[in-house]
Amino acid sequence: MSDEKKIVLIVEDDAFIRDIYSVKFSQEGYQTEIATNGIEALSKLEKIFPDIIILDVVMPTWTAWRLLEISRRMIV
């Protein structure tokens with residue numbers, strides 16, 4: 001079994017909620033990456049391949065649906 005930490009990308013514009021997720025996942029042994037909007041998340045996705053993404057549906061700049069649409073094209 002690999003000792004490499006699983007990566008969680010947290011995409012959330014609310015700082016309080018973002019911090020709660022980050023602390024909880026870090027306590028559980030995950031590496032957390034943070035993005036506050038869809039554009040930041042897309043930039044992160046160009047550099048990392050997270051094991052899971054926690055995605056706020058309503059965010060400034062792009063909705064979650066727009067981010068999913070664009071990121072799917074990156075994966076395929």
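- Using modelled atom types, no side-chain atom of S22 and backbone atom of R18 make a donor-acceptor pair closer than 3.5 Å.
- Residues P50 and L45 form a side-chain contact, since some pair of their non-hydrogen atoms from C-beta on lies under 4.5 Å apart.
- A distance of 10.0 Å separates CG of L42 from CG of N37, quoted to the nearest 0.5 Å.
- At a threshold of 4.5 Å between side-chain heavy atoms, the hydrophobic network of Ile, Leu, Val, Met, Phe, Trp and Tyr places I52 and V57 in two separate groups.
- E28 places no side-chain N or O within 3.5 Å of a backbone atom of Y30 that could act as its donor or acceptor partner.
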### Query
Stepwise, does the side chain to side chain contact (heavy atoms under 4.5 Å, CB included) test hold for D56 with D13?
CA-CA 8 Å; D56 185 4; D13 60 314; 2.6 Å; yes

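- Between I54 and V11, the closest side-chain pair of non-hydrogen atoms is not below 4.5 Å.
- Of all heavy-atom pairs between A41 and L9, the closest is O-CD2, 4.3 Å.
- Here the CD atom belonging to E33 is positioned 11.5 Å from the CD1 atom belonging to I53, to the nearest 0.5 angstrom.
- Interatomic distance, CD1 of I34 versus OG1 of T32, reported as 5.0 Å (0.5 Å rounding).
- Between K44 and E40 no salt bridge is recorded (no basic side-chain N to carboxylate O distance below 4.0 Å).
- In the hydrophobic clustering of ILVMFWY residues, with side-chain heavy atoms under 4.5 Å counting as a link, F25 and F49 come out apart.
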#### Entry: Verdict with supporting geometry, I10 and V8, side chain to side chain contact (heavy atoms under 4.5 Å, CB included)
CA-CA 6 Å; I10 301 165; V8 177; 3.9 Å; yes

